[in-house]
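Notes follow once the structure below has been shown.
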Protein chains: 2
Amino acid sequence: MKNWDDLRIFRAMAKARSIRAAAADLRTTHATVSRRIRALEEDLGSALFERRNEGHVLTAFGQSMMDLTEGVSVGVEAIDRLAFGQDGSLAGPVRLSVLEDLYHQVLSGPLDSFMRAHPMIELSIETTPNLRDVSRREADVIVRITSNPPEQAVGRKVADSPLALYSSPHYLNQRPAIDRWIALDYPPTIPPLLNARPVFLAGSLTVVADVLRRGQGIGLLPCFMGQGDPNLVRLPEVDLIPDKEIWTLTHVDILQNPRVRLLMDHLYRAFSDQRHRIEGRFE
Amino acid sequence: MKNWDDLRIFRAMAKARSIRAAAADLRTTHATVSRRIRALEEDLGSALFERRNEGHVLTAFGQSMMDLTEGVSVGVEAIDRLAFGQDGSLAGPVRLSVLEDLYHQVLSGPLDSFMRAHPMIELSIETTPNLRDVSRREADVIVRITSNPPEQAVGRKVADSPLALYSSPHYLNQRPAIDRWIALDYPPTIPPLLNARPVFLAGSLTVVADVLRRGQGIGLLPCFMGQGDPNLVRLPEVDLIPDKEIWTLTHVDILQNPRVRLLMDHLYRAFSDQRHRIEGRFE
DNA sequence: TTTTCATGGATCATATTCTAACCAGTTTGG
DNA sequence: CCAAACTGGTTAGAATATGATCCATGAAAA
């Protein structure tokens, strides 16, 4: 193999299934990706992709290649973790992945103060709806709501995240006989124990909370979203519903990195400070 | 990791322990190796080598890196084999590794005719005293004298390689009461069953054979070296001494390659043609 | 249908990387 | 002891890879 780096381009290409998309992932241009893939095919002596109208699709040989590069990729990721863990400098990058709602309701303040306290740490925050995998180094630290934290990850459960029923104070004052039920479209919510009918299926919890604040009905929210909100009250007749847990996680290999440690500690403290509210234990 | 190809340079450097030696292995210049290593250290954020007067030596971090790159390297080698095996073309390279003595005594003719018969096959022959590993793709096909062929290798035992006692006809005519013993310096040869004293410890079998041809004494040679040589005769009072075996080997992954098949078949035939002589069964 | 959008190929100026050459300092061998 | 053959560093100029741009094509969207 003339140039091992071509494997990196190849993997991006195989995943993105289009030269331009791969180029975007690799932060380069489609001209470069096209050239490098061609060079790799030349070097290996066989075609890796079939150029079809609907996109580039792996040949059988390309598929075998993809399987084999998996091991190479895992190896490179381990190297990245080793290097990152080895890096003892306080100055440098750390990447954090947080659920968007959790960022808004719990972490926006603490992360702001973290960045002010450590200006030499280049903290980049990614808010996503989906899991980022610390072992693949898609993120260095992740804050995640889950019931079973992934293997190879180390960290702490920082709080329980129970659900509760909320509505606006105004709605509660003139509550109808049959409650108006505001819920997530997906995943499908458990049907209410109350006398209620669905009137709004929202795409995200942010929307659910917004609709509730406007007095449109009652609905389930994690306590970290409902508790302490002046425009929301918890319905007293229903208990807390145990749900998932909140974990702050990283990878063993990079736990030694001082930036990671600082961030983890800061997150632990932030959750500790707000734990009562998050777990719905007072208002 | 910004550039996976730097791992290739790093491994060469770690093995060669000098920038210039690594550059020679990589067929590039020491300036390039120096710059790439520096770039890699920059990227990883830690030093990989300690620059000392007696050469570059791995740091502890560099050593961990080396351990991890081993897996990456194995993966890349598997990819190389896959590509080579996939290549169905009759035109292209094949690399053969043979023991030098075996080349001279058995294979020089057949390999010459092979290259004439298949001019589009770029056969490169490496004659070495040491084992080349087919799984590391240091060679595509190896002809080796061994008693236990390595794992993962496929191929055939093409002949036994017994030893016998030889001297020149002239020496035999005026043989002294105490024989003059010509032997390898290393590995230490078994002491002769005869009445003999060591007079020459040679560095290679070629030298042993040459000294014997000049009538300097008697000595052990593999039959493929002694048998059929007009200037050597086998001492009749000693039987053949069973020793190692000759194997023609390649790797499963590249057995499909037509150039490899052609070469293997040609080698099988060459050994088959000369098997009687190699095994000392006539003269 | 027409319009819009995204795709991949091709081209060329630009940036980057590599090579060749020379340097000074060390070790090795005669 | 000196000479030769190493070592790695540095530089200018050559070779190479890259990125911006334009283009034709084909697939969705209006």
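Every value quoted in this text rests on a predicted model; they were computed, and no experiment measured them. Residue numbers start from 1 in every chain, and the chains themselves are labelled A, B, ... in the order their sequence lines are given, proteins ahead of strands. Heavy atoms only: backbone and side chains are in, while hydrogens, waters and symmetry mates are out.
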Which residue is it: Asp87(A), Asp253(A), Asp140(A)? I am looking for the one with a salt bridge (Lys or Arg N to Asp or Glu O under 4.0 Å) to Arg81(A).
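Only match with Arg81(A) under salt bridge (Lys or Arg N to Asp or Glu O under 4.0 Å): Asp253(A).
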
Calculate the interatomic distance between [X] atom [atom1] and [N] atom [atom2]; express it in whole Å.
X	N	atom1	atom2	answer
Asp6(A)	dA17(D)	CG	C1'	12 Å
Ile9(A)	dG19(D)	CD1	P	10 Å
Asn3(A)	dT16(D)	CG	C1'	13 Å

Has the side chain of Arg261(A) got a donor or acceptor atom that lies under 3.5 Å from a matching backbone atom of Gln256(A)?
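No; judged by distance alone, with no hydrogens or angles, the pair does not exist.
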
Tell me if a side-chain donor or acceptor on Ser97(A) pairs with a main-chain N or O of Ala139(A) at a distance below 3.5 Å.
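Not confirmed, Ser97(A) side chain does not pair with Ala139(A) backbone.
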
Taking the side chain as everything from C-beta on, heavy atoms only, tell me whether Arg36(A) gets closer than 4.5 Å to Asp5(A).
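When only atoms from C-beta onward are counted, Asp5(A) and Arg36(A) do touch, with a gap below 4.5 Å.
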
State, with a plain yes or no, whether a side-chain heavy atom of Met65(B) is found less than 4.5 Å away from one of Leu7(B).
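Answer yes - side chains close enough.
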
Quick one: what's the B/S/- string for nucleotides 5-20 of chain C, heavy-atom cutoff under 4.0 Å, read 5' to 3'?
--BBBB------SBBB

